[in-house]
Amino acid sequence: MDSRRFRNALGQFPTGVVVATARTTAGELVGMTMSSFNSVSLDPPLILWSIRDDARSADAFIAGRHFILSVFAASQRQLALHFARPAADKFADWNDDFDTGIGGCPRLRGGVATFECTVYSRHQEGDHTILLGRVERHERSDAAPLLLHMGQMGSLWDLARASS
């Protein structure tokens, strides 16, 4: 299978943009931008996402007890782009955009929704590990979400204009 064509086909599905954050056992803060997560169950409240096993922060998320998923607002595009790139300390210049959540994990301020989770289970599949989290706390706002479609990030309005 041509992995580039497969990836392009997946990119046809518009999705929200999320930052996953955690704190390592040594106290280091880690975070990464991703484009997808799913609800699994309402009772108990479970969500899932996956991380590539060779990702820079994979060990922190896979071994950790907690993580937070925060849905970016459309106004947070630059922050989403920052967390999509490698950096020694991703939080250094963006510390004011986060406060502290469950397990000491960074919690995004001003996002559309936030899900503070305890790891419920892990499943290694292919080149990724699927993490299921039990949602311990959540919150939402009325802000417009940041969306991803065909490799482009923006508000619904931005993406609609770009495709016309």
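In this structure, the side chains of His123 and Leu132 come closer than 4.5 Å at one or more pairs of heavy atoms. Annotation: side chain of Thr21 is not in contact with side chain of Arg107 (no heavy-atom distance under 4.5 Å). By the 4.5 Å heavy-atom criterion applied to side chains, Pro106 and Leu108 are not counted as neighbours. Residues Ile47 and Leu69 form a side-chain contact, since some pair of their non-hydrogen atoms from C-beta on lies under 4.5 Å apart. Side-chain contact between Phe67 and Val119: present, with at least one pair of heavy atoms (C-beta onward) separated by less than 4.5 Å.
A salt bridge does not link Asp2 with Arg4: none of the charged nitrogens is closer than 4.0 Å to a carboxylate oxygen. With respect to Arg23 and Glu28, no salt bridge is recorded, no charged nitrogen being found less than 4.0 Å from a carboxylate O. Salt bridge annotation for Arg56-Asp54: absent, with no cationic side-chain nitrogen under 4.0 angstrom from a carboxylate oxygen. For the pair Asp127 and Arg52, the salt-bridge criterion is not met [side-chain N within less than 4.0 Å of a carboxylate O].
Side-chain atoms of Arg140 do not come within 3.5 Å of backbone N or O of Val112 as any donor-acceptor pair. Looking only at distances, no side-chain donor or acceptor of Gln152 sits under 3.5 Å from a matching main-chain atom of His149.
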Decide yes or no on side chain to side chain contact (heavy atoms under 4.5 Å, CB included) for His82 and Trp94, but give the supporting numbers first. CA-CA 9 Å; His82 171 74; Trp94 300 90; 3.3 Å; yes
Residues Glu136, Thr118; criterion side chain to side chain donor-acceptor pair (under 3.5 Å); working and verdict: CA-CA 7 Å; Glu136 305 295 347; Thr118 301; 3.1 Å; yes
Worked verdict on Val71 versus Val17 for side chain to side chain contact (heavy atoms under 4.5 Å, CB included): CA-CA 6 Å; Val71 181; Val17 184; over 6 Å; no
Check the pair Thr24 / Val30 against side chain to side chain contact (heavy atoms under 4.5 Å, CB included), numbers first and verdict last. CA-CA 7 Å; Thr24 68; Val30 296; 4.2 Å; yes
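Minimum heavy-atom separation, Ala22 to Phe61: CB-CE2, 3.6 Å. A pairwise comparison of heavy atoms in Met32 and Ser57 identifies SD-OG, 3.8 Å as the closest pair.
In this structure, the ring of Phe37 has its center less than 6.0 angstrom from the ring center of Phe115.
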